[in-house]
J.: 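What follows is a structure written as structure tokens; I'll ask about it next.
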Protein chains: 4
Amino acid sequence: MASTSTNLSALPTPAACTADFCLIPLGTPTASVSKEVAEVQRLLKKSGLNYSMHSAGTTVEGSWDEVMKVIGQCHAMLHENGVVRIQSDIRIGTRTDKKQGFKDKVEAVEKLLKADEDEDET
Amino acid sequence: MASTSTNLSALPTPAACTADFCLIPLGTPTASVSKEVAEVQRLLKKSGLNYSMHSAGTTVEGSWDEVMKVIGQCHAMLHENGVVRIQSDIRIGTRTDKKQGFKDKVEAVEKLLKADEDEDET
Amino acid sequence: MASTSTNLSALPTPAACTADFCLIPLGTPTASVSKEVAEVQRLLKKSGLNYSMHSAGTTVEGSWDEVMKVIGQCHAMLHENGVVRIQSDIRIGTRTDKKQGFKDKVEAVEKLLKADEDEDET
Amino acid sequence: MASTSTNLSALPTPAACTADFCLIPLGTPTASVSKEVAEVQRLLKKSGLNYSMHSAGTTVEGSWDEVMKVIGQCHAMLHENGVVRIQSDIRIGTRTDKKQGFKDKVEAVEKLLKADEDEDET
């Protein structure tokens, strides 16, 4: 079986990925997380990676290692700022069939929805 | 202990929530999901709920029951269209301290980031 | 197009699903969540649904409506207990190709792994 | 502001974390994922990290870098095996207040639930 003979140290991580993460600080005095989310945005800006915030998380693109490193640094930064516990939910996708940025994904769907409207108008 | 005496049938579900869901069809002929995501957007439009698509999911607001019902209907609709297996990741939040729409959350963070820029300019 | 004619009110939610949820209280005095997770387990026990706790969440089976209702009731119960904000991550799966309980899923994988061991022994 | 002066290259990733991931292959001929999940278990075994499979994912412990690397390698391995697209949901937690393995988390809750039973018996 192919996988049984996998040499783990020789196995790379994906060269490209899109991750969407929602980071939650626990045990903080208030239920608001906007201060922490703003810190995360500042850190992402410094990373040089392509990213985009929305109301339920932040999407970031790059190599697997770059993306995971910067999310880990977000945890480390907030710990340094005094947050004792952090939980993140990360949705991460990789594909080999094509190169697709996160904006392309929205456009592909919007193109399909636009066709509906054109149809409605006729 | 309070909870031990909870009468389950009398316990409501939250009157308001914000959910962000990412739906994935399994065992489909192609790796593309834009057709299914477009179907989901069409169904959400019919629901009358406030929603917003981004590259890693769709955010929808309403009562817990309304929101969960419509996400379940998305699954049912795609099953009717022939998708045999569907997996969704849902991030759902409820709060009692204030009423906050999903747009307010982004604005709260952007306001903090805007203050950085103003500072940089001085 | 099939979906365009979908009558939303006639569309059911799935009759069966498996959900795994991880509930996080925000703005609580401590970073520990074991008290809240225990409350959730007590509520699930009363629900009569099949469930199983693990270190990263709780898996529960039932109809879509039953499962989502009980998770919503977990939020409501903790709000009643004074938690002002709660965020849950829910992984939910539905399928039409076969009936599969959450224990069956683990067994299917373990059967494959067992075959490895048998091979090693020869 | 502390964070504004953060030197990104000097910022570490957390020394310890617990991650729970659910990996989904897209565009595969069947809706079954047990073959892929078994491959993931074999790879984790080789990694030497502490891990545990359950019906909705696999929990793995280690440093942030170790854990994220091995999950990335799972994606890479499945891509090598011909899966063109993979989506994972990762719940990852870090904390500075105490060292807690994933088994400790379950035990903390079970201890609270056990107290209920003792109370019932009296």
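Every chain is numbered from 1, with letters handed out A, B, ... down the list of sequences.
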J.: Got a second to check how far C:Leu23's CG is from B:Ile92's CD1, nearest 0.5 Å?
T.: 10.5 Å
J.: Between NZ of C:Lys46 and OG of B:Ser9, what distance do you get to the nearest 0.5 Å?
T.: 10.0 Å
J.: Calculate, to the nearest 0.5 Å, the distance between atoms OG1 and CG belonging to C:Thr96 and B:Leu78 respectively.
T.: 11.0 Å
J.: Which heavy-atom pair separates C:Ala76 from B:Pro14 by the least distance, and what is that distance?
T.: N-CG, 4.3 Å
J.: Taking the side chain as every heavy atom from C-beta outward, state whether B:Pro12 and C:Glu80 have any atom pair closer than 4.5 Å.
T.: yes
J.: To the nearest 0.5 Å, how far apart are CZ in C:Arg85 and CD in B:Gln100?
T.: 6.0 Å
J.: When you compare the side chains of B:His75 and C:Thr13, does any donor N or O come within less than 3.5 Å of an acceptor on the partner?
T.: no
J.: For C:Met68, is there any backbone N or O sitting under 3.5 Å from a side-chain donor or acceptor partner on B:Trp64?
T.: yes
J.: Atom CG in C:Leu11, atom CD in B:Gln73: separation rounded to 0.5 Å?
T.: 5.0 Å
J.: When you look at NZ of C:Lys105, are more than 12 heavy atoms from neighbouring residues, nucleotides or ligands closer to it than 6.0 Å?
T.: yes
J.: A side-chain contact here means heavy atoms from C-beta on lying under 4.5 Å apart; do B:Leu43 and C:Leu8 qualify?
T.: yes
J.: Between C:Asp89 and B:Ile90, is there a side-chain heavy-atom distance shorter than 4.5 Å?
T.: no
J.: So which part of B:Ser47 gets closer than 4.5 Å to some heavy atom of chain C, the side chain, the backbone, both or neither?
T.: both
J.: Given that the side chain runs from C-beta out, which part of B:Ile71 has a heavy atom under 4.5 Å from chain C: side chain, backbone, both or neither?
T.: both
J.: Does B:Gln87 use its side chain to pair, donor to acceptor, with the backbone of C:Thr94 at less than 3.5 Å?
T.: no
